[in-house]
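Just so we're clear, the structure is a prediction, and the values are computed from it rather than from any experiment. Letters go in sequence order (proteins before strands), and every chain restarts at 1.
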Amino acid sequence: MSIKVTKRSKDYSRWYTDVVQKAELADYGPVKGTMVIRPYGYAIWENIRNIADRMFKETGHVNAYFPLLIPESFMKKEAEHVEGFAPECAVVTHGGGKKLDEPLYIRPTSETIIWSMYKKWINSYRDLPLLINQWANVVRWEMRTRLFLRTTEFLWQEGHTAHSSYEEAEAEARKMIEIYRQIAEDYMAMPVYVGKKTDAEKFAGAVYTYTIEAMMGDKKALQSGTSHNLGQNFAKAFDVTFLSRENKQEYVYATSWGISTRLVGGVIMTHGDDKGLILPPQIAPYHLVIVPIWRTAEQKKQLMEEVAKITHQFNKEDVRYIIDDNEQTSPGWKFNQWEMKGVPLRMEIGPKDLENNQVVLVRRDTGEKQFIPTENLFSVITGLLEEIQNSLFQRALEFRDRNTHEVDNYADFKKIIESGGFVKAFWAGDGQMEAMIQEQTGATIRCIPFKQDQQGTCFYTGKPSGTIAIFAKSY
RNA sequence: CGGGGCAUAGCGCAGCCCGGUUAGCGCGCCUGCUUUGGGAGCAGGAAGUCGCAGGUUCAAAUCCUGCUGCCCCGACCA
């Protein structure tokens, strides 16, 4: 096995695949496009999941679980939805050794089965809002798959809410995309543009789709979370009505929103370098790896006693640490290995340090090495973790902004897209023009950012416009 | 679904053109000793239906046909 990963500059996709495998995040499953999420990769996902779950609950949502198998007839009820999803669905045709009367779809998303249940549960405005989330796996038969970014089966969270007014549903959809922004920026240190999708890019069956879009290390965009205002589309398809305060039957208003294991891919490609993964402390399985360095068994014993004393002052929740006292591998090996795995901080402690009552701390993000007196280690470490978290975000933000270019004509647009990066430009075109641009350049409108406060001229049509759009090639 | 590549020990590869000893190499793995502050050294050892199925031949990892899987690049997608 080659020990190092392919350099990012040499082949970005190979670099990505190498990191995923060498950092032991995931491995290929036996069925095409499937992925085994290994313990270390799963631990990252669990951290993201716990953060999200807490935020959902803080905003009044509750968890539930709906079945994996969906009757074919359900899938066909919402016209746009069928059209969008049917081609990428896995369908079960046999069960118990017999052909089924009605084929069963393995959920590509759960709107249909959930709304079939909401029909039973919602009678009056008093039953609303209904704010349910589920953590689940879904299957989409993708043509081209990549570990974490696009796999046939993936883990995600899907929120499905029901409301008594359009305004309330709209507010919910916006609230959730804001929560996604916080997860991405405040926890994953991954800066995102927040905005609305164009009709071409929106979810099949949605009125509006909101999105967070991040820039990866190769300057391509990653759609990292979406929130949909579904209007009354699914309520109509599944005939879900409620009796309003005014005693009138009305269709229920809906939202749905999701983030997935794709985020793990996002964090890899936002922060990683040629040594491997770099994890923001907030989602890192371990904040700190402690590598004792000894020559003799006696030294090891002393060091381990000192390490026990040091870690005793750590609060496990504030400093998640792991002690690597494996005797089979050398310190050098350990350094490289844990750098591959992106642990934010490394502590080295050897006989020399023992004498001087100090340890060596090394930052993964900058490689900076410093000697720290053993007393007050805890506060130094928590301080450094915070600093790493912030500086990773700043670094990613600067990278994104440096590679986001404003253009006012199509010729410049093409140049930017070709050389890589986001284009930020005034836009007054329509769906056909959007499709034409995609055909000619490969770029799509990633989103129309919420923040709009300027007037200008559309780079494509030359018409006056008050709308800035973000264009990029995407994953 | 189109284009390209690959399939030989756990991993990465050589051998294939030009068929012919017992199929090699590196890493990893096992045992022992020495080591340990940036991917340790020596000695010994285990491990392979050469992706699958046919065919050609006295003889196939090697030639022919078919199939399957995976990776990469493009059209669709979280």
K.L.:
Roughly how many Å apart are B/A47 and B/C42, using the P atom of each and rounding to a whole number?
P.N.:
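So the two P atoms sit 24 Å from each other.
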K.L.:
What integer distance in Å separates A/Glu24:CD from B/C11:C1'?
P.N.:
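For the pair A/Glu24 CD and B/C11 C1', the rounded distance is 13 Å.
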K.L.:
I'd like to check the ring-ring contact (aromatic ring centres under 6.0 Å, His included) partners of A/Tyr410; sequence neighbours left out, ordered by chain and number.
P.N.:
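Counting only residues at least two positions away or on another chain, A/Tyr410 forms a ring-ring contact (aromatic ring centres under 6.0 Å, His included) with A/Phe413, A/Tyr460.
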K.L.:
Taking only side-chain N and O atoms of A/Ser330, does any of them lie within less than 4.0 angstrom of OP1 or OP2 on B/U36?
P.N.:
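Answer is no, no contact under 4.0 Å.
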K.L.:
Using the side chain to side chain donor-acceptor pair (under 3.5 Å) rule, collect all pairs that involve residues 289-298 of chain A, keeping only residues at least two apart or in two chains.
P.N.:
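Those involving residues 289-298 of chain A are A/Glu298-A/Gln302.
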K.L.:
Looking at A/Phe471, is A/Arg446 sitting on its ring face, NZ or CZ under 6.0 Å from the six-membered ring centre and within 45 degrees of the normal?
P.N.:
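Here A/Arg446 fails the 6.0 Å and 45° test against A/Phe471.
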K.L.:
Any cation-pi pair here, A/Lys341 with A/Tyr40, using under 6.0 Å and within 45°?
P.N.:
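Yes, a cation-pi geometry.
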K.L.:
Using the six-membered ring wherever Trp is involved, compare the ring planes of A/Trp115 and A/Tyr118 and label them parallel, tilted or perpendicular (cut-offs 30° and 60°).
P.N.:
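Plane angle over 60°, so perpendicular.
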K.L.:
Describe the nucleic acid contact of A/Thr151 in one word from base, sugar-phosphate, nothing, applying a heavy-atom distance below 4.0 Å.
P.N.:
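Base contact.
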K.L.:
Nucleotides 30-33 of chain B: which of its N/O atoms have a protein N/O under 3.5 Å away?
P.N.:
none

K.L.:
Could you work out, with side-chain hydrogen bond (donor to acceptor under 3.5 Å, both in side chains) as the rule, every residue matching A/Asp218, not counting sequence neighbours?
P.N.:
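Listed in chain order: A/Tyr475.
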K.L.:
Determine the Euclidean distance between corresponding P atoms of B/A23 and B/G48; express it in Å to zero decimal places.
P.N.:
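After rounding to an integer number of Å, I get 12 Å for this pair.
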K.L.:
Quick one: side chain to side chain donor-acceptor pair (under 3.5 Å) pairs with a partner in residues 259-278 of chain A, sequence neighbours left out?
P.N.:
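Counting only pairs at least two positions apart or across chains, the side chain to side chain donor-acceptor pair (under 3.5 Å) contacts touching residues 259-278 of chain A are A/Asp273-A/Arg364.
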K.L.:
Not counting sequence neighbours, which residues clear salt bridge (charged side-chain N to carboxylate O under 4.0 Å, His left out) with A/Glu306? List them please.
P.N.:
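Salt bridge (charged side-chain N to carboxylate O under 4.0 Å, His left out) check on A/Glu306 returns A/Lys309.
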K.L.:
Show the numbers, then the answer: is there a side-chain hydrogen bond (donor to acceptor under 3.5 Å, both in side chains) between A/Tyr187 and A/Gln182?
P.N.:
CA-CA 7 Å; A/Tyr187 293 90; A/Gln182 288 172 28; over 6 Å; no
K.L.:
Check side-chain hydrogen bond (donor to acceptor under 3.5 Å, both in side chains) between A/Asn229 and all other residues, then give those that pass, not counting sequence neighbours.
P.N.:
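Residues passing side-chain hydrogen bond (donor to acceptor under 3.5 Å, both in side chains) with A/Asn229: A/Glu170.
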K.L.:
Looking at A/Gln438, does any N or O in its side chain come under 4.0 Å of the phosphate oxygens OP1/OP2 on B/A75?
P.N.:
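Indeed not, no polar side-chain atom of A/Gln438 lies that close.
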K.L.:
P atom, B/U22 versus B/G12: distance in rounded Å?
P.N.:
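My reading of the P atoms in B/U22 and B/G12 gives 29 Å.
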K.L.:
Apply side-chain hydrogen bond (donor to acceptor under 3.5 Å, both in side chains) to A/Thr198 and list each qualifying residue two or more places apart in sequence or on a separate chain.
P.N.:
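A/Thr198 satisfies side-chain hydrogen bond (donor to acceptor under 3.5 Å, both in side chains) with A/Glu434 only.
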K.L.:
Within a strict 4.5 Å, meaning less than it, do heavy atoms of the A/Asp27 and A/Leu147 side chains meet?
P.N.:
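A side-chain contact is absent here, since even the closest heavy-atom pair is not under 4.5 Å.
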K.L.:
Would you tabulate the pairs of protein nitrogen or oxygen atoms and nucleotide nitrogen or oxygen atoms of nucleotides 70-73 of chain B closer than 3.5 angstrom?
P.N.:
residue: B/C70; atom: OP1; partner: A/Lys32; partner atom: N; Å: 2.8
residue: B/C73; atom: OP1; partner: A/Ser13; partner atom: OG; Å: 2.5
residue: B/C73; atom: OP2; partner: A/Arg144; partner atom: NH2; Å: 2.3

K.L.:
According to side-chain hydrogen bond (donor to acceptor under 3.5 Å, both in side chains), who are the partners of A/Glu88, at least two apart in sequence or on a separate chain?
P.N.:
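So A/Glu88 forms no side-chain hydrogen bond (donor to acceptor under 3.5 Å, both in side chains) with any residue.
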K.L.:
Does anything in residues 271-297 of chain A come within less than 4.0 Å of RNA chain B? Heavy atoms only, and list the residues if so.
P.N.:
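Listed by number, they are A/Ile293, A/Trp294, A/Arg295.
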K.L.:
Are the ring centres of A/His81 and A/Phe203 closer than 6.0 Å?
P.N.:
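Ring centres of A/Phe203 and A/His81 closer than 6.0 Å.
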K.L.:
With rounding to whole Å, what would you report as the distance between B/C13 and B/A53 at their C1' atoms?
P.N.:
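The answer is 26 Å between these two C1' atoms.
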K.L.:
For A/Phe154 and for A/Asn336, locate the closest nucleotide of RNA chain B by heavy-atom distance; then report the residue assigned to the nucleotide nearer the 5' terminus.
P.N.:
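So the residue in question is A/Asn336.
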K.L.:
Could you work out the separation of B/U62 and B/G15 based on their P atoms and round it to a whole Å?
P.N.:
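Per the computed distance, 15 Å lies between those P atoms.
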K.L.:
Check the distance between B/C76's C1' and A/Lys473's NZ and give it to me in whole angstrom.
P.N.:
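Whole-Å distance recorded here is 16 Å.
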K.L.:
Please measure how far the P atom in B/A59 lies from the corresponding atom in B/C16, and state the result in whole Å.
P.N.:
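Pairwise P distance, B/A59 against B/C16, rounds to 22 Å.
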K.L.:
With rounding to whole Å, what would you report as the distance between B/U56 and B/A9 at their P atoms?
P.N.:
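Between the two P atoms, the distance is 28 Å.
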K.L.:
B/G28 and B/G41: how far apart are their P atoms, nearest whole angstrom?
P.N.:
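About 8 Å, rounded to a whole number of Å.
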K.L.:
In residues 54-68 of chain A, what residues come within less than 4.0 Å of RNA chain B, judged by heavy atoms?
P.N.:
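Of all residues in residues 54-68 of chain A, none places a heavy atom under 4.0 Å from RNA chain B.
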K.L.:
Could you tell me whether A/Gln223 contacts a base, only the sugar-phosphate backbone, or nothing, with contacts defined as non-hydrogen atoms closer than 4.0 Å?
P.N.:
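Sugar-phosphate only.
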